[in-house]
Amino acid sequence: MCGIVGYIGQRNCVPILIEGLKRLEYRGYDSAGIGILNGSDSVIVKNKGKVSLLQEKVEQLNLSSTIGIGHTRWATHGIPNETNAHPHTNTDDSLFLIHNGIIENYQTLKKGLMNLGYRFRSETDSEVLPHLIDSFLRKGNDLVKSVQLALQEVEGTYGIAIIYTKEPDKIVAARKGSPLIVGLGQNENFVASDVSAVLAHTKQVVYLEDGEIAVITKNDFCAKTIYDDEIRKEVHEITMSLEEIDKGGYPHFMLKEIMEQPESLRNSMRGRILLEEGNAKLGGLADVADRLANSKRILISACGTSWHAGLVGEYMFEQFTRIPTEVEYASEFRYRNPIVGSDDTVFFISQSGETADTLAALREAKLRGALALGICNAVGSSIARESEAGVYTHAGPEIGVASTKAFTSQLVVLALITLLIGRKKNLSIEEGKKIASELFQIPDKVEKILKLNSEIESIASQFKDAKNFLYLGRGYNFPVALEGALKLKEISYIHAEGYPAAEMKHGPIALIDEDMPVVFIAPQDSTYEKIKSNIQEVKARGGKIIAVASENDNEIDHLVDYSIKIPDAIEMLRPILTVIPLQLLAYHIAVKKGLNVDQPRNLAKSVTVE
Ligand code: F6R
């Protein structure tokens, strides 16, 4: 998704902007640009494609300035090209603007502006903003007032940063529905859509809220609403280090993040497991725990991988708390007039905490009086802030576009919540202690599974040319089948589908022949005998079978082509283990196909537009 970075201070902003844009590359983009103010030498440089190409272009121009803004664009309105890339300008090129989000009423605004004589150069929705602001500047307003008046007419979402040749001492930034932070330094300040863009320079940040404008100068910053009310903002200290964001010696963020799961899982459970009481301590839910446990129904809403975590959560909640639980895609929930009210609790699961559909679903649930709780990884994110209460997953920054460690941490948090509610209801202390102690052992078991990396890599080399894949699992491992298929398709572009194994005979079995690899998630659990029959059905049709199986299962080797043996755990926690080989399988297949797994085509890390 698009990225924003801006600088005002005493240093040359050009390398700072380029470095900031590189830090934002992981969000996904297709063009990039910077704009700097320097009297008559004020200039915009932009291009389609990589930030490194922009850097080459900029270096040839030998630019220098102490104020500038930079942007990575992920096309929504208009193809990825140099004209549509940001910054966009007003007619006399005195005002430079970068925008994340979507201006929903841009066509109406554009028509009105064209009637006033404004001419548009790009196909973007964003370009209405510099012209609209310009129309207020022409009436004698200063920049801040013009931005405020313009934004009062705008419908949609935005994170924007603006610089203006006639007021070169400030950056004006504003937010509605698209994340934006101000970074505070010594004699220099920053604006960015993501802390990673400024972390090399400062750890002091201020989070802007919807409807707020920041006026950022070299030595100061102030926040107002778009209706000009002054706001006092809290300064937050970022504890995340740059090393945490870097690849830590691995060729890709995705592999680094898969490999650091023992640690991320420990972080997710640290201080939260009460082994002796067979319970969990979740400070973020303390005030709402009784209401949660007394809910008539639990809903879980999320997108993508986080939705898969929600499906596992449904199985956990229903098994151990006996509260009816439903899981729904946030994109469906938000638009279908859901039946939800004050007796319900709705969990919103999101790694980024910024997914537009999940955020909108959260607002819808709150409006209807449900207890709206967040399970987020990104601290201070929109979903975390707008939830009534919640639990952070503490998986650490996830940079690889394909979600891995965030998923397993979400499962840990869901297990902890299960314990918390279960113990308030009818889960015995003995059952609680069993779950707590099994949970405690999970990171060590994950460590053991990760040692199978080269074994899984060699299996992957046999399948890199496959065109289709089927993933099958039952019970708790059905959502893992969906997740395994999603991981493979999004980074290797191989078509893959996940199914509950028993559903195979209702259709997908028609696909099976010697060219169709089938991955079975087949640990020795309550569904083991049934899944063995499904394996036989595939084998009889010549399908190539990879099985993720229990470490002591010798029988399965006679049935399958490749088996990946992993430690056992109680059923509710097995998905945390069974998904790891599937993450590695997808990773190695994609790498063997020569693909950039950290930035798969057409995908963005944080989907902040619909
Ligand atoms: C898949 C993936 C996506 C995200 C989805 C939700 O690997 O990363 O499917 O899970 O876009 O994102 P969050 O969890 O940030 O709301």
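Each ligand, and each atom within it, is numbered from 1 in the order the structure gives.
For ligand 1, the 4.0 Å heavy-atom shell takes in Cys303, Gly304, Thr305, Ser306, Ser350, Gln351, Ser352, Thr355, Val401, Ala402, Ser403, Leu486, Lys487, Glu490, ordered by chain and residue number.
Looking only at distances, no side-chain donor or acceptor of His99 sits under 3.5 Å from a matching main-chain atom of His86. Looking only at distances, no side-chain donor or acceptor of Ser264 sits under 3.5 Å from a matching main-chain atom of Pro262.
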Ignoring hydrogens and angles, write down the donor-acceptor pairs under 3.5 Å from the side chains of residues 460-472, residues two or more places apart or on other chains.
from: Ser461; atom 1: OG; to: Ser458; atom 2: O; distance (Å): 2.6
from: Asn468; atom 1: OD1; to: His495; atom 2: ND1; distance (Å): 2.9

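Within the structure, the salt bridge (charged side-chain N to carboxylate O under 4.0 Å, His left out) test picks out the following pairs touching residues 575-599 (sequence neighbours left out): Glu457-Lys592.
One finds no salt bridge joining Lys366 and Glu386 here, because no Lys/Arg side-chain nitrogen approaches an Asp/Glu carboxylate oxygen to under 4.0 Å.
Qualifying ring-ring contact (aromatic ring centres under 6.0 Å, His included) partners for Tyr493, counting only residues two or more places apart in sequence or in other chains: none.
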